[in-house]
Structure formats: structure tokens, C-alpha cells
Amino acid sequence: MASSQEKAGELLGGFLPYIFVIFCFMGSMYPAIDLGAGEKERKTIETLLTSPARRIEILIGKLGTIVVAGLGSAFISMLGLFVAVNQATTLPPDIQEFVNGLLNLQSILLILSLLVPLAVFFGSILLCLSIYAKSYKEASSIIGPMTFVVILPVMIGMMPGIELTWKTALVP
């Protein structure tokens, strides 16, 4: 009964936000590893801690850098999707129209504003794990499997027959 545009909207509307979440996580991962374990390994964290900056200021600066990297990664993926859809000549017009409608300035700002708390959450978890690790390699091996922790809820949310109810909304 649904039109092809409604079907494409349901498919892409449910899929695209998850892609941006994954890009936000992946964009936060390597700066977090470098700002925690990387500085420990290079022995530059000691110099940083002897500076006149308070420890909370250093922590907020590191977390801010990680959050900006994650949001930047998500924004660049949105921009790449927009350019790819507009350059593609073989896409059905319904999909092209839907993506262009989804990626207008208001929608991009709304998606990025919704990604800010998630980027802060990702950044804080990743920075904690990175500071816990003794080396860059150890941090990579600890944080690498976290990708599956992010992708698994995405896969469950996209499974056919899953409806958003109060019970499923409470699953992180």
C-alpha cells in the first residue's frame, strides 16, 4: 500500500542515523587512543601535568578534542553522502530526492545536535579506556572490540520486525 518513496524513506530513514553514529564513534576512537595512551608512551603527559593548567582543564581539553573529532567525522560522512548522491546518475530519483530532503541544513544541524551527547559519551568512555592502557598498542586492543559494542545495537535496531516500544527504547 505504501508508495516507493515511503518505502525508501523508511529504509533510508532508519539506516542513515546509525551510519552517522558509527562514524562518530570511529572518528573519536583514534584521537582518544593518542591523547591517552599515546601521550603516556611518548612520556609527554608528565610535562603536560606539570604545566600551570589544572587537571580538570587538561581533561576537558582532551575530551573536547575527541568530541570535535567524532562530530567532524560524522559531518564529513554526511557531506560525502550528499555529494555521492548528487553525483550518482544511476540512483532512482525517489532515493535521490529523499536523501537530498534529509540532508538539508536544518536536518544536518538537528542530527549533529543529537550526536553531541553521544559523542561526549563515546569520548569519555574511550578516553577512560585509553588512559587505563599502558601503551598505544594495548589501548588499540582494548578499544578495538568496542566497535562491536556500538555496531550490535545498530544491527538489532535494523532487524525486521523490531518496533520501538518503551522496553526497546530503554536498551542503550
Exercise for the section: Supply the atom-to-atom distance F121 CZ to L126 CG, rounded to the nearest 0.5 angstrom. Expected result: 9.5 Å
Problem - S130 side chain vs A32 backbone, donor-acceptor pair below 3.5 Å - result: yes
Completion exercise
CD1 of I143 to OH of Y132, rounded to nearest 0.5 Å, is 12.5 Å
Exercise for the section: Treating Ile, Leu, Val, Met, Phe, Trp and Tyr as nodes and any side-chain heavy-atom pair under 4.5 angstrom as an edge, say whether V68 and L115 lie in one connected cluster. Expected result: no
Practice task
Let me know which of R42, K62, K40 forms a salt bridge (Lys or Arg N to Asp or Glu O under 4.0 Å) with D34.
Solution key: R42
Fill in the blank from the handout: All heavy atoms of S135 vs all of E41, minimum pair found to be CB-OE2, 3.3 Å
Completion exercise
Grouping ILVMFWY residues whenever side-chain heavy atoms fall under 4.5 Å, the cluster of I56 otherwise contains L35, L59, I60, I66, L127, I131
Problem - M78 reachable from L81 in the ILVMFWY side-chain graph, under 4.5 Å edges - result: yes
Problem - Heavy-atom pair with the smallest gap, counting every atom of V21 and F122 - result: O-CE1, 3.9 Å
Problem - Step-by-step side-chain contact (heavy atoms from CB on, under 4.5 Å) determination, L129 to I125 - result: CA-CA 6 Å; L129 292 173; I125 295 293; 4.1 Å; yes
Exercise for the section: Would you give the length of the straight line joining atom CD of E39 to atom CD1 of I58, rounded to the nearest 0.5 angstrom? Expected result: 9.0 Å
Practice task
Kindly work out whether a path of hydrophobic side-chain contacts (I/L/V/M/F/W/Y, heavy atoms less than 4.5 Å apart) joins I151 to L118.
Solution key: yes
Practice task
Give the cluster check for M26 versus L114: same hydrophobic cluster or not, with ILVMFWY residues linked at side-chain heavy-atom distances below 4.5 Å.
Solution key: no
Practice task
Would you check if the side chain of S73 reaches a backbone N or O of A69 as a donor-acceptor pair within less than 3.5 Å?
Solution key: no
Practice task
Verify side-chain contact (heavy atoms from CB on, under 4.5 Å) between I76 and F23, making sure each step is shown before the conclusion.
Solution key: CA-CA 9 Å; I76 289 171; F23 273 109; over 6 Å; no
Completion exercise
Closest non-hydrogen contact found for P117 with S113 is CD-O, 3.4 Å
Practice task
Count the heavy atoms of every other residue, nucleotide or ligand shown that sit under 6.0 Å from CZ of F20, and state whether that count exceeds 12.
Solution key: yes
Problem - Y136 atom OH, over 12 foreign heavy atoms within 6.0 Å - result: yes
Practice task
Give a yes or no on this: more than 12 heavy atoms of other residues, nucleotides or ligands lie within 6.0 Å of atom CD of E46.
Solution key: yes
Exercise for the section: Report yes or no: does E57 contribute a side-chain atom to a donor-acceptor pair with the main-chain N or O of R54 at less than 3.5 Å? Expected result: yes
Exercise for the section: Given side-chain contact (heavy atoms from CB on, under 4.5 Å), test S124 with L63 step by step and report yes or no. Expected result: CA-CA 7 Å; S124 59; L63 183 61; 4.3 Å; yes
Completion exercise
One should read off an interatomic distance between I33 CD1 and K137 NZ, to the nearest 0.5 angstrom, of 13.5 Å
Practice task
Output the distance between atom CD1 (I19) and atom SG (C24), rounded to the nearest 0.5 Å.
Solution key: 13.0 Å
Exercise for the section: Measure the OG-OH distance between S140 and Y30 for me, rounded to the nearest 0.5 Å. Expected result: 6.5 Å
